[in-house]
Amino acid sequence: MKSIIRFIPLILFFLLAVLLYRGLFLNPQSMPSAMIGKPLPNFELPTLKSIEQRVGRDDLQGDIVLLNVWATWCIQCKYEHPYLLNIARDPRIKLYGLNFTDDHKAALNWLKQYQDPYVFSIFDEQGALGLDIGVFGAPETFVIDHTGIIRKRFAGPINDQVWQKEFLPLIETLEAEMAAGAS
Amino acid sequence: MIPELGHFALIIGLAFALCLSVVPLIGVAQNNHQLINSAKPLSFGLFFFVAISIFLLGYSFTVDDFSVKYIAGHSNSLLPYYFKISAIWGGHEGSMLLWVFALTCWTFAVSVFSKQLEKEFVARVLAVMGMIAVGFILFTLLTSNPFERLLPNFPLEGLDLNPLLQDIGLIIHPPMLYMGYVGFSVAFAFAIAALMAGKMDAAWARWSRPWTVAAWSFLSVGIALGSWWAYYELGWGGWWFWDPVENASFLPWLAGTALIHALAVTEQRNTFKHWTLLLAIFTFSLVLLGAFLVRSGVITSVHSFAVDPERGIYLLVLLAIAVGGSLTLYAFRAANVSSPSRFTFYSRENAILIAMSILVTATVTILLGTLYPLIIDAMGLGKISVGAPYFNAVFVPMMIALFLFMGVGPLTRWKKARKGELAKHLNKTSIFSVFFGAAWPFIYAGEFSLSAFIGMTLGCWIVLAVLKDVFINAKQADGRLKFSAVPLNHIGMALAHAGIAITVIGVTMVSTYEKEMNIKMAPGESANLSGYMIEFAGTKDVLGPNYSAIQGQLKVSLDGEFVTLLKPELRTYKVQRSGMTEAAIHTNLWRDIYVALGDPLEQNSWSMRLYYKPFIIWIWLGGFCMAIGGFLAILSKRYRKRVLVTEQKLTQAKPAVLQEA
């Protein structure tokens, strides 16, 4: 009996190793979403800055819309925030925020403290819209094209590398599509 | 040519490591003294060639050889020379080479400073270290070669080092951290050698102890520096984020702390041997696991290295061989380890046992929190992230319990405390600590605060316990105090415990009384931060070697008296085109004033972050105290006695053990 006890650490480690092996083939940042290729579902939610005002799908104006899911409880959001301020200056896109299951006061404070890169932020206190589009955590960023179709979902913080690799090519494709559609 | 020589030196190092991991073991098996003695020169060769390799990489950095891919990606001709050198470990490949170099330093040190040990035993230890070196040198050569060339079309200029890493903190933090990480391989090698030999006694623990304490001290410094760097460089004023990479360094530290205590008991009382063996394996496994987590990309982190699945697989195989192999060895050989336990409830053994249990529980809890996103993901349940609220909620209560026992342990006798003695020692200190803790918030802030009460009570409690312990040890038979009579390792222990108390006080004060202001300031405006007047006098443009910056000028005064001029910067690095805030901090023992520039607003006004951080420097001072305590303990004479002495002691101790069995 006692000798079996001595194998317990080995067995525990074996289980851990299997888990880590599985983990290697999961990319924590790329996530398939059932929503890709589908239109953004409609919603009716307040904005962060004025609880009275309700916004919906049609208020996300712009040819290429980026919807960034953020919250004050998320450290990586803090990390990507300076870069979001950068992106917001790109004339090709419009950046909207989806403040996800957050405290209203804290969220407002955050935008005051670190500046507001968003055209506006949707205040999704219950996570209703987040549930509809399949948000798992924050930060996450969705790309919506000029016809209102979700084209991409990216989980994890955006930095320069990610932007160059994951977003810029798609934005160029979308611009080409728009040009083709217009002509 | 030079980079190829570096590459070649590393390959020769690999050859030495291969020989080192095989030849001495054959010698031990055949009882061939010539082969046993070869361990030392082989260790030297390994160290020498890896040292040449890392030196040549550093040389190539200083001469701006951008035909080397790694250098082109992490350096630039405008970079000051000291950052060119520290850029060696500014990325994945070079930091692996630093890792290997640290490992060979330890191997070399073990071979030099082990004259008093049995030759067969040292041969086994060095062979195990050789095996680890083989694993990591192969990893470096096969998946992360820092000497890879970009020929024939190489860039004329490098991409520059990440601006966040262009800092004094990065020059010293990684070497300290890696010395700590890799140092635990020595404890691991000692444990494996003991299991191979089937012999585990107090002498073994005595040999292993100074090495383990040294590694732990390096790691303490490394973690403290890392936290300090994050504090002043990231510009958020935070000092610990429970990021997976931070956890990867903190987990071995916690397990290593438990290991040091287990070793102390094994050496002095010849018991807790299974604890010691398993903790030695566990600690080094956590080091390897940390390397895997950080470098394979299974977990997202703010500072993870470039992701490459091939590296992940290799590291996982390495982890499986090292940990799986050692635990298998343990499972089959541990039956030979007798670990008699003879102590009562009120004994130092029991206090340490409780402390170790708490430390291991804390380690496992943090490990679970770190791996939880991965577990959920692997089971297909979705993606989540575990943040600071979880870690604080589980970690803080456990530490409170641990600190309570830290005040009891040093004052309790081994085996059995005398009746009434413990109460006599503890009554006064506990009453004084509670009084001090309760009075502190009133004196400091004028009102009660529960967190300040708990933190200050515990800090005072730990300090009083070790002070009392030192006084008891210094007391001579005739009642005089003679501090030179206190053994050095005892003073080291006291200092390390006091370091914990200092850190606890720092953490308590900062988290209870810090002030934060986010305001818009126009030139000439001033703000009141906890009594300090901070006046914004405008901005200046300044030029650095590889960046240009806007520098804010803020006059800080207290009660009308000028204190300092703070100059926070907003830098733009020329090559990477990235902006970075450089906070300005005025530090003294009682508080930090921390100013960071936000963004320019209309009419020369700026958004600004002002922090008042009381006692924050204590957090890192505590870390350094722990490390100094550790290094003092190593200097203790007891570790340099000849084998003969320890063997005599053992023969004396043995009959008692037999009787018990």
Side-chain angles (χ1 to χ4, degrees), chain A residues 2-31 33 71-83 85-86 109-117 134-140 153 155-157 159-162, chain B residues 234 236 238 241-243 274 278 281-282 285 289 292-293 296-302 306-307 309 312-313 315-316 319-320 323-324 326-328 330-335 367 371 373-379 382-385 387-389 516 518 576-581 598-599 601 607 609:
Chain A
K2 237 189 155 182
S3 59
I4 295 174
I5 291 175
R6 290 192 202 102
F7 282 90
I8 288 176
L10 186 61
I11 295 164
L12 287 177
F13 170 72
F14 179 73
L15 292 176
L16 179 68
V18 170
L19 170 76
L20 294 177
Y21 183 73
R22 288 260 308 143
L24 272 181
F25 297 98
L26 305 165
N27 184 351
Q29 299 188 322
S30 91
M31 294 205 271
S33 166
T72 54
W73 42 261
C74 146
I75 292 180
Q76 301 205 359
C77 296
K78 215 171 194 173
Y79 165 78
E80 77 170 356
H81 198 86
Y83 200 76
L85 291 167
N86 245 343
N109 215 2
W110 164 295
L111 290 183
K112 225 190 283 166
Q113 185 172 340
Y114 302 111
Q115 282 207 19
D116 186 352
V135 169
F136 282 123
E140 272 182 36
R153 159 208 215 164
N159 56 30
D160 198 40
Q161 277 172 351
V162 168
Chain B
L234 296 183
W236 306 334
F241 301 97
W242 294 109
D243 180 85
H274 290 276
L278 279 177
I281 296 173
F282 186 47
S285 309
L289 181 70
F292 172 79
L293 289 180
S296 69
V298 294
I299 275 176
T300 46
S301 155
V302 173
V307 176
I313 301 244
L315 282 172
L316 190 58
L319 188 73
V323 184
S326 55
L327 288 177
T328 311
Y330 172 80
F332 285 107
R333 282 301 186 92
L367 181 65
L371 292 179
L374 179 63
I375 297 173
I376 294 294
D377 196 0
M379 297 200 300
K383 312 249 181 186
I384 54 145
S385 72
E516 181 181 339
N518 294 287
Q576 297 215 333
R577 287 269 140 230
S578 51
M580 214 189 76
T581 50
D599 291 276
L601 305 172
S607 73
R609 274 168 284 155

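Chain letters run A, B, ... following the sequence lines, proteins first, then strands; residues in each count from 1.
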*Asks:* Quick one: which of B:Ser285, B:Ser607, B:Gly238, B:Gly324 has the most heavy-atom pairs under 4.5 Å with chain A, could you say?
*Replies:*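 When all of B:Ser285, B:Ser607, B:Gly238, B:Gly324 are compared, B:Gly324 has the most.
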
*Asks:* Side chain to side chain donor-acceptor pair (under 3.5 Å) with A:Asn86: which residues, sequence neighbours excluded?
*Replies:*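 Side chain to side chain donor-acceptor pair (under 3.5 Å) check on A:Asn86 returns A:Arg89.
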
*Asks:* Let me know if A:Ile8 has heavy atoms under 4.5 Å from chain B in its side chain, its backbone, both or neither.
*Replies:*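 Answer is neither: A:Ile8 stays 4.5 Å or more from chain B.
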
*Asks:* Please look at B:Leu278 and chain A and tell me whether the side chain, the backbone, both or neither of the residue comes under 4.5 angstrom of a heavy atom of that chain.
*Replies:*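 Just its side chain gets close to chain A.
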
*Asks:* Kindly check if the number of other-residue, nucleotide or ligand heavy atoms within 6.0 Å of OH (A:Tyr83) is above 12?
*Replies:*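 Enclosed.
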
*Asks:* Which bit of A:Gln113 is near chain B, if near means a heavy-atom gap under 4.5 Å: side chain, backbone, both or neither?
*Replies:*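 A:Gln113 touches chain B through backbone and side-chain heavy atoms alike.
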
*Asks:* Could you tell me whether the side chain of A:Leu16 reaches within less than 4.5 Å of the side chain of B:Leu371, counting heavy atoms only?
*Replies:*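 Answer yes - side chains close enough.
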
*Asks:* Is the shortest side-chain heavy-atom distance between A:Phe13 and B:Phe282 below 4.5 Å?
*Replies:*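 Result no, sub-4.5 Å side-chain heavy-atom pair not found.
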
*Asks:* If I measure from the heavy atoms of chain A, does B:Leu319 come under 4.5 Å with its side chain, its backbone, both, or neither?
*Replies:*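 Its backbone and side chain both get close to chain A.
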
*Asks:* Quick one, A:Phe7 with B:Tyr330, criterion ring-ring contact (aromatic ring centres under 6.0 Å, His included). Give me CA distance, side-chain angles, the key distance, then yes/no.
*Replies:* CA-CA 8 Å; A:Phe7 282 90; B:Tyr330 172 80; 9.2 Å; no

